[in-house]
Amino acid sequence: MLPVAVERLTKAFGATVALDAVTLAFAPKSFTALLGPSGCGKSTLLRLIAGLERPSGGTIRIGDQDVTALAPEKRDVGMMFQSYALFPHMSVAENVAFPLKMKGEARGKIGERVAEALALVRLEALAARSVRALSGGQQQRVALARAFVARPGVLLLDEPLSNLDARLREEMQVELIELHRTLELTTVFVTHDQEEALSIADTVVLMRAGRIEQTGAPEAIYAAPKTPFAADFIGAANLLPARVRRAGDGFVAEVEGAVVPVRAPQDGREGDYALVLRQEDIRITDAPPPGFASLPATVRTRVYLGAGARVVVSVGARTLTLLTNKNASAASGAAVHVAWDPDDARLLHPQQD
Amino acid sequence: MRRDGPIGGASEPALLLTPGLFFLIVLFFLPVGLLVAESFVTVTEEGERTLSLAHYVRFFADDYYLGVMWRTFRLSLIITLVTLVLGYPIAYIMARGAAWVALWLGILVIMPLMVSVVIRTFGWMVLMGRGGLLVDVAQWLGIGGRRFQLMRTEAGIVIALGQVLLPFMTLTLYGVIAGVDRRLEEASRTMGAGFFATLWRVTVPLSLPGIVSGSLLVFALSISSFITPALVGGVRLPMLASSIYQQALTTMDWPFAAAQAMILLVAVLLVIVPYTMLAKTRHA
Amino acid sequence: MVAGTPTLAKAIAAALVAVTIVYMLAPLLVVIGASFSTSSYLVFPPEGFSLKWYQKVLDTPSYLRAGWLSLRIAVLVTLITVTIGTAAAIALTRFRFPGREPLQALFLSPLILPAIIFGIGMLVLFSRYADGPSLMALVAGHVVITLPYVVRTVSAVLVGMDKATEEAARVMGANRWQRYWYVVLPQALPGIGAGAFFAFNISFDDAVVAIFLRGPDTETLPILIYTQIEFSSDPSVAAVSTLMILITVGMIVAVERFLGLKLLTDRRAAGRG
Ligand SMILES: Nc1ncnc2c1ncn2[C@@H]1O[C@H](COP(=O)(O)OP(=O)(O)O)[C@@H](O)[C@H]1O
Ligand SMILES: [Mg+2]
């Protein structure tokens, strides 16, 4: 349960800059999700912390030690690989015992710790089994047990759940949370699934093209994305180009040929913005409540979701996706109005991709 | 693939390669290099060693040696054809038949390959010598006269060496035919082509790279074969390898043996280089 | 075969398979059969049945000496080749360095050279620069011709190995030697086993290199058999050949049992004759 800090950490593979001067701190016992689209440098960051890649620049500290030049086998790190990287020639117990054996622990103690770790991932019964004879979910839990059994200062998990089917994945998310609560290890966890990041971690680090886009608690980052990219990636929000100008005491925006009320932009300046609307904040209505912004729209598709429905509508040349309750009538092709509370809409500066 | 982490020097592969490189350089390239040099050496009357092409000139000017070369290439070509004709159907059956058929045919093809060539040739000598079963059968079929035998004949060399080299042809063809998309054959059948028409017009053309590869491999192995031609053909029907052996160990004329070895090597390389390139494109 | 294979094709297939089986097995069956004959000359089918030629093999010192020599050479060659071949395969597959691909080709190059040319080259080398052919020369020669097989079989297995297992071991605290011992070598074991099989088998069977390096103390079993059959002898040579076939079959069965035959039927693993 050591703190980890990286400073101006950079990694280039030839001309590709996989990680670009990233500075980050992971508090002891924290549970951080590294989130971002594939290829944004999440694995590279994890591998740099583990020592499996040599940084092109910057420093890495684990605890109060600068480990930048330290070999991986000398860092106090546990890591779970996306491919699991189980030793195919060993049994479940032998796999889990490996880090303890490398540490030179006494045989009796190894047995104890292995049993304890296998109990935590509920695999006691399979201890003697060859790892080749396990299902994907079981292999995943062996890999997890092997990563934490030696109680490393930092636990690194690279897309630990991405090879599992949806149900098993939800189950494992709960188990990961409980495991973290029990072991209190500083944990860094890579995922490209925003829902997974938001539901497990206490801190989310959103990455984009080798840089950090935004860092914060899940609620904060969800409620207040700082960039259109963050809004889109984290909330699957709708982005509409908007030209904002003053009107009387407040501001209005031209959106798809219509004029809607908006709250003041943060810096209070007129200009081109991205208007960010969350799916659940938009409603379909014939009579927008007073003060609401509203635009004419045409329903294109409606996807039944059980508890509600996801509706795709056209607004001018754009499409919006919104969530409605199951009663909302929205027949395909119907002309409707979409409306939202201007308090729920955010204006962000547009970004180049 | 990822590079090693922060630590992991370049000295590690160098260290691992050193013993192997020692063997290859000192005990492979050095003797072969010596042989190349030897083939250009002539000892003058004063006992001086000078460079010359005399041994090559001697080889190509002598009808006897040209005859040896001609026999080597001619028989090797026949052996290549024989193994192709026998090997293709077997490879096809291995590739398209049931799994157990493939397994057992595979064992059948591999097993003899693992037995010493000396022993396999020995078996043929018993069968093909005077009073041998194969000779009896041939005479019963009306082939050959009373003194007929297959030992010390070119036919005998073809039969014995064909058996020795058939596995190489079969395995090469098997690899390629197994890779031919079966659906193409099925498509051909649905378009009205019969079994044999499909075999001839779809499977065989698609497995052409295997046919070429297998033929090149068998031809190269055949022209450099020593044990079987030497034992079955004897001294009167030498192929190139037996001739080299004669010069090296009976006449003790190493430079001339070396020159013949170089001629053989050039012939083998001319065949093996395209073979290797073909194999590379196939694996790419 | 595709459904609807005509009866004619099936009949042809069956006939071809039968002919091939006979053709492939004939020389082996003849040798085995002839070893049991009561006659004092080589004949097939055998006349009567007796084990006397096996008794004669056991009573003939030259057979025993040659057999023991071949066995010792093959074991020594296997140990040396497997060690240096595995090391080379590890370097050629697990590391990236300039010149790696040419080196891979270099390590396979003895496959291309006809054994006869290699044999005379070794003869020239050891006659010019040493005291003539010797046991060590023969062992060295066999190491060279078997090296490509080990490099190939071990490389094939290592290429298929998940490289992350080594990284995982590293993160878990395994140093270089521990990674080799606990992670790389155990996973390479099937390739090492197949390579050892090829090395032993090729060394044990070789007559071409051995005939050039023949000397009073390098008379291996295949060389002895070669000389015997060249001047046709009694069925004891068939008996000793049968024993060699038996050893080969035993090894194939062992490989099948422990590694699976796929390693041997792999077209890339089979090399030359
Ligand atoms: N060993 C490598 N060699 C070359 N490029 C690499 C290597 N590893 C990663 N990259 C590149 O670095 C970038 C980030 O990769 P990675 O950290 O694996 O992304 P993520 O895990 O977020 O999907 C990608 O563009 C990837 O192609
Ligand atoms: Mg990744």
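Just so it is clear: chains get the letters A, B, ... in the order the sequence lines come, proteins before strands, and each one is counted from 1. The shown structure was predicted, so the numbers you read here are calculated from the model rather than taken from an experiment.
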**Study point:** Among C/Ile225, C/Leu123, C/Ile90, residue most engaged with chain B (heavy-atom pairs, under 4.5 Å)
**Key:** C/Leu123
Study note, to complete from the structure: Minimal heavy-atom distance between B/Leu17 and C/Ala91, with the atoms involved, is CG-CB, 3.6 Å
**Study point:** Engaged part of C/Ile12 at the chain B interface, taking heavy atoms whose separation is under 4.5 Å
**Key:** side chain
Point to revise | Top contributor to chain B interface from C/Val143, C/Thr81, C/Leu25 [non-hydrogen pairs under 4.5 Å] | key: C/Val143
Check your understanding: Which region of B/Leu269, side chain (C-beta onward) or backbone (N, CA, C, O), has a non-hydrogen atom less than 4.5 Å from a non-hydrogen atom of chain C, or is it both or neither?
Key -> side chain
Practice item. Answer with side chain, backbone, both or neither: which region of C/Tyr180 has an atom nearer than 4.5 Å to a non-hydrogen atom of chain B? Key: side chain
**Study point:** Distance-minimising heavy-atom pair for B/Leu27 and C/Ala140
**Key:** CD1-CB, 3.7 Å
**Study point:** Heavy-atom pairs under 4.5 Å with chain B, option from C/Ser127, C/Gly119, C/Ala164 with the top count
**Key:** C/Ser127
**Study point:** Nearest-0.5 Å distance that lies between atom OG1 in C/Thr248 and atom CE in B/Met114
**Key:** 9.0 Å
Point to revise | Reported CZ-to-CD distance for the pair C/Arg128 and B/Glu38, which is rounded to 0.5 angstrom | key: 4.0 Å
Point to revise | Structural part of C/Arg100 lying under 4.5 Å from a heavy atom of chain B | key: neither
Review point. Contact part of B/Leu16 toward chain C, heavy-atom cut-off under 4.5 Å: side chain, backbone, both or neither?
Key: both
Point to revise | Stepwise side-chain contact (heavy atoms from CB on, under 4.5 Å) test for B/Phe28 and C/Leu113 | key: CA-CA 10 Å; B/Phe28 182 66; C/Leu113 191 79; 3.6 Å; yes
**Study point:** Contacting region of C/Ile211 [heavy-atom separation from chain B under 4.5 Å]
**Key:** both
Review point. Measuring heavy-atom distances to chain C, does B/Leu21 have an atom under 4.5 Å in its side chain, in its backbone, in both, or in neither?
Key: both
Review point. Measuring heavy-atom distances to chain B, does C/Leu147 have an atom under 4.5 Å in its side chain, in its backbone, in both, or in neither?
Key: side chain
Check your understanding: By a 4.5 Å heavy-atom criterion (distance strictly below it), what part of C/Tyr23 contacts chain B: side chain, backbone, both, or neither?
Key -> both
Practice item. Examine whether an atom of B/Val115 lies under 4.5 Å from a heavy atom of chain C, and if so say whether it belongs to the side chain, the backbone or both; otherwise answer neither. Key: both
Check your understanding: For C/Ala238, is it the side chain, the backbone, both or neither that has a heavy atom under 4.5 Å from a heavy atom of chain B?
Key -> both
Exercise for review: Considering only heavy atoms and a distance below 4.5 Å, find which of C/Val124, C/Leu16, C/Ile120 pairs most often with chain B.
Suggested key: C/Ile120
Review point. Which region of C/Val17, side chain (C-beta onward) or backbone (N, CA, C, O), has a non-hydrogen atom less than 4.5 Å from a non-hydrogen atom of chain B, or is it both or neither?
Key: both
Practice item. Against chain C, label B/Ala220 side chain, backbone, both or neither, depending on which of its atoms sit under 4.5 Å from a heavy atom there. Key: neither
Review point. Given that the side chain runs from C-beta out, which part of B/Phe29 has a heavy atom under 4.5 Å from chain C: side chain, backbone, both or neither?
Key: side chain
Revision key, fill the gap. So, the part of C/Leu103 with a heavy atom under 4.5 Å from chain B: the answer is side chain
Check your understanding: Does CZ belonging to B/Phe22 count more than 12 external heavy atoms closer than 6.0 Å?
Key -> no
Review point. So which part of C/Val151 gets closer than 4.5 Å to some heavy atom of chain B, the side chain, the backbone, both or neither?
Key: neither
Practice item. Give a yes or no on whether the ring-centroid distance for C/Tyr226 and B/Phe122 is below 6.0 angstrom. Key: no
Study note, to complete from the structure: Applying a strict 4.5 Å limit to non-hydrogen atoms, the region of B/Leu34 in contact with chain C is side chain
Exercise for review: Report the option among C/Thr83, C/Ile247, C/Leu106, C/Ile202 that has the most heavy-atom pairs separated by less than 4.5 Å from atoms of chain B.
Suggested key: C/Leu106
Review point. Could you give the distance from CD1 (C/Ile117) to CZ (B/Phe226), rounded to the nearest 0.5 Å?
Key: 13.0 Å
Check your understanding: So which heavy atom on B/Gly123 is nearest to which on C/Val30, and how close?
Key -> O-CG1, 3.7 Å
**Study point:** Pair B/Trp254 + C/Phe212: ring centers closer than 6.0 Å
**Key:** no
Exercise for review: Name the region of B/Val101, side chain, backbone, both or neither, that has any atom closer than 4.5 Å to a heavy atom of chain C.
Suggested key: neither
Point to revise | Proximal component of C/Ile116, with respect to chain B [non-hydrogen, under 4.5 Å] | key: side chain
Study note, to complete from the structure: Bottom line for C/Phe107: the part with an atom under 4.5 Å from chain B's heavy atoms is both
Practice item. Could you pull out the closest heavy-atom pair between C/Met24 and B/Gln163, with the gap in Å? Key: O-NE2, 2.8 Å
Review point. Going through the checks in order, is the side-chain contact (heavy atoms from CB on, under 4.5 Å) test met by B/Thr170 and C/Thr20?
Key: CA-CA 11 Å; B/Thr170 314; C/Thr20 310; over 6 Å; no
Exercise for review: List the atom of C/Asp205, the atom of B/Ser116, and the distance in Å for their closest heavy-atom pair.
Suggested key: O-OG, 2.9 Å
Point to revise | Closest non-hydrogen atom pair between C/Ala207 and B/Val118, with its separation | key: CB-CG2, 3.4 Å
Point to revise | Heavy-atom contact with chain C under 4.5 Å, split by part of B/Leu265 | key: both
Check your understanding: Which value, rounded to the nearest 0.5 Å, describes the distance between C/Leu28 atom CG and B/Met111 atom CE?
Key -> 5.5 Å
Review point. For C/Thr242, is it the side chain, the backbone, both, or neither that has a heavy atom closer than 4.5 Å to a heavy atom of chain B?
Key: neither
Point to revise | Interchain contact, C/Ile21 with chain B, by part (heavy-atom threshold 4.5 Å) | key: both
